[in-house]
Amino acid sequence: MALLTPLFAFLYHLPQVYKWLLKPYYVASLFMSVAFLLVRKTPGICEHLSTQREDGNPCDFDWREVEILMFLSAIVMMKNRRAITVEQHVGNIILFCKVANVILFFRLDIRMGLLYLTLCIVFLMTCKPPLYMGPEYIKYFSDKTIDEELERDSRVTWIVEFFANWSPECQSFASVYADLSLKYNCAGLKFGKVDIGRYGEVSKKYKVSTSPLSKQLPSLVLFQGGKEVTRRPQVDKKGRAVSWSFTEENIIREFNLNELYQKSKKLNKTKGEKSEKGVVVNSLPTGGILIFIPF
């Protein structure tokens with residue numbers, strides 16, 4: 001079941017997957033993920049490699065290499081059980097493929113292992129996964145605008161994501177959060193984001209740690225009247241986030257989005273009725289002005 005779930009998710013989103021798989025970052029990542037396979041199977045290269053196979057064939061995996069690949073495949077399946085997007089599924093596969101390549105290359109030849117590890121480090125430092133650029137109804141805050149916006153109108157409920165661009169979890173969650181904003185955004189329920197990797201003071205004020213060890217990124221906080229009402233993930237006494245899955249269903253349930261949306265729609269309707277009953281100004285034939293003010 002752990003294997004079928006990501007497979008079905010991949011096939012369902014296949015048209016969308018093609019769009020971002022062809023981007024340079026993913027093309028390079030996929031190439032690095034299959035590097036050992038290419039070296040082991042390419043004629044003219046594999047003949048010069050060492051092997052522990054009984055038949056002495058250097059162009060096929062030996063029993064130890066198969067064992068390493070099977071072990072890391074099991075880890076990938078376990079890791080993907082908590083993945084919520086196709087990007088996360090593919091990202092986990094790429095990550096553990098690179099780990100497998102490092103181990104296999106070092107086992108084959110320490111020089112090849114050092115070369116591959118160097119390439120991975122250079123790639124990690126110079127290449128970043130593409131940011132989500134799809135449609136959304138999200139307001140981006142800075143350290144100077146977040147407090148003012150949250151307190152501007154006490155009738156408006158805000159859901160704010162505290163994120164950092166370098167966090168893979170935040171990058172994977174971007175499309176989920178964007179979809180929620182498209183479905184639930186209205187005048188009385190708004191969605192915002194603030195990059196606490198860039199604005200450190202915001203991180204301190206709202207007590208969201210940017211440390212990878214705290215696992216608090218991303219954090220979603222519901223504000224009403226400028227005050228925090230709900231936060232996910234919750235943080236324990238040691239400052240570590242309580243495990244929580246950022247699926248669309250969990251967010252809708254935990255933040256009562258359907259109920260909040262219905263209340264916000266009523267607020268919008270009330271605002272519209274009040275605007276229709278506003279001050280009416282008519283010009284008199286004599287040139288004066290008659291003002292009707294409803295009571």
Side-chain angles (χ1 to χ4, degrees), residues 9 81-88 131-132 134-143 145-165 167-197 199 202-210 214-237 239-271:
R81 291 175 62 184
R82 300 187 61 185
I84 58 175
T85 64
V86 177
E87 290 88 343
Q88 279 185 303
L131 300 177
Y132 176 77
E136 59 184 23
Y137 283 127
I138 298 173
K139 185 175 182 64
Y140 286 78
F141 299 128
S142 69
D143 54 343
T145 62
I146 182 170
D147 295 336
E148 176 185 352
E149 199 65 44
L150 293 178
E151 298 172 1
R152 184 188 300 275
D153 190 341
S154 60
R155 296 171 298 178
V156 176
T157 297
W158 280 94
I159 297 178
V160 180
E161 178 194 354
F162 295 85
F163 76 103
N165 281 326
S167 168
E169 290 78 12
C170 294
Q171 293 166 2
S172 300
F173 179 61
S175 60
V176 177
Y177 192 57
D179 289 341
L180 287 170
S181 72
L182 294 172
K183 294 177 182 178
Y184 291 96
N185 182 80
C186 59
L189 178 60
K190 297 185 178 181
F191 292 75
K193 294 180 74 168
V194 58
D195 185 354
I196 58 175
Y199 303 111
V202 177
S203 170
K204 295 177 182 178
K205 179 173 182 179
Y206 291 95
K207 299 179 181 179
V208 181
S209 174
T210 56
S214 69
K215 297 184 178 180
Q216 293 185 34
L217 292 177
S219 281
L220 279 185
V221 181
L222 176 70
F223 293 93
Q224 291 181 330
K227 304 296 182 181
E228 178 180 331
V229 177
T230 306
R231 176 187 295 238
R232 292 293 182 276
Q234 295 176 317
V235 181
D236 60 23
K237 295 180 180 179
R240 288 180 58 86
V242 178
S243 180
W244 194 73
S245 180
F246 281 87
T247 62
E248 184 172 315
E249 294 78 10
N250 281 350
I251 296 169
I252 292 172
R253 181 180 64 253
E254 295 292 324
F255 289 86
N256 296 319
L257 287 188
N258 290 322
E259 182 179 347
L260 285 174
Y261 183 66
Q262 293 301 323
K263 290 181 179 179
S264 299
K265 286 172 62 177
K266 292 179 181 179
L267 178 62
N268 291 342
K269 186 176 180 180
T270 303
K271 286 183 178 180

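Looking at Asp147 and Lys205, their side chains come closer than 4.5 Å, going by heavy atoms from C-beta outward. Using a 4.5 Å cut-off on side-chain heavy atoms (C-beta onward), Phe162 and Ser203 make no contact. Considering only heavy atoms from C-beta on, Thr157 stays 4.5 Å or farther from Val229 through its side chain. When side chains are defined from C-beta on, Tyr184 does not count as touching Ile251, because their heavy atoms never get closer than 4.5 Å. Glu136 places none of its side-chain heavy atoms less than 4.5 Å from the side chain of Phe191. The side-chain heavy atoms of Leu222 and Leu260, taken from C-beta on, include a pair separated by under 4.5 Å.
Nearest heavy atom pair, residue Glu169 against residue Leu217, reads CB-O, 3.7 Å. Closest approach of Asn185 and Lys190 over heavy atoms only: OD1-CA, 3.6 Å. Contact detail for Ala187 and Val156: the closest heavy-atom pair is O-CG2, 3.6 Å. Nearest heavy atom pair, residue Asp195 against residue Ala164, reads OD1-CA, 3.5 Å. For the pair Pro218 and Pro233, the tightest heavy-atom approach, listed with the atom from each and the gap, is O-CD, 3.5 Å. The two residues Phe246 and Val176 come nearest to each other via the heavy atoms O-CG1, 4.2 Å.
Note that NZ of Lys227 and OG of Ser154 are 12.0 Å apart. Values are rounded to the nearest 0.5 Å. Note that NZ of Lys139 is 14.5 Å distant from NZ of Lys193, once rounded to the nearest 0.5 Å. In this structure, NZ in Lys183 is found 10.0 Å from CG in Asn258, a value given to the nearest 0.5 Å. Taking CD1 of Ile146 as the reference point, atom CZ of Phe223 lies at 6.0 Å (rounded to 0.5 Å). The OG atom of Ser264 lies 10.5 Å from the CD atom of Glu259; values are rounded to the nearest 0.5 Å. Atom CG of Leu182 and atom OH of Tyr177 lie 11.5 Å apart (nearest 0.5 Å).
Checking side-chain atoms of Gln216 against main-chain N and O of Ser209 turns up a donor-acceptor pair under 3.5 Å. The main-chain N or O of Pro168 is found under 3.5 Å from a side-chain atom of Ser172 such that the two form a donor-acceptor pair.
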Kindly indicate, with the supporting measurements, whether the criterion side chain to side chain contact (heavy atoms under 4.5 Å, CB included) is fulfilled by Ile252 and Leu180.
CA-CA 9 Å; Ile252 292 172; Leu180 287 170; 4.0 Å; yes

Can you list the steps and then say if Val221 with Tyr206 is a side chain to side chain contact (heavy atoms under 4.5 Å, CB included)?
CA-CA 9 Å; Val221 181; Tyr206 291 95; over 6 Å; no

Please test Tyr261 against Cys186 for side chain to side chain contact (heavy atoms under 4.5 Å, CB included), starting from the C-alpha separation and ending with a verdict.
CA-CA 8 Å; Tyr261 183 66; Cys186 59; 4.0 Å; yes

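Results of the side chain to side chain donor-acceptor pair (under 3.5 Å) test with Asn250 over Glu254, Arg253, Glu248 single out Arg253 as the only residue that passes.
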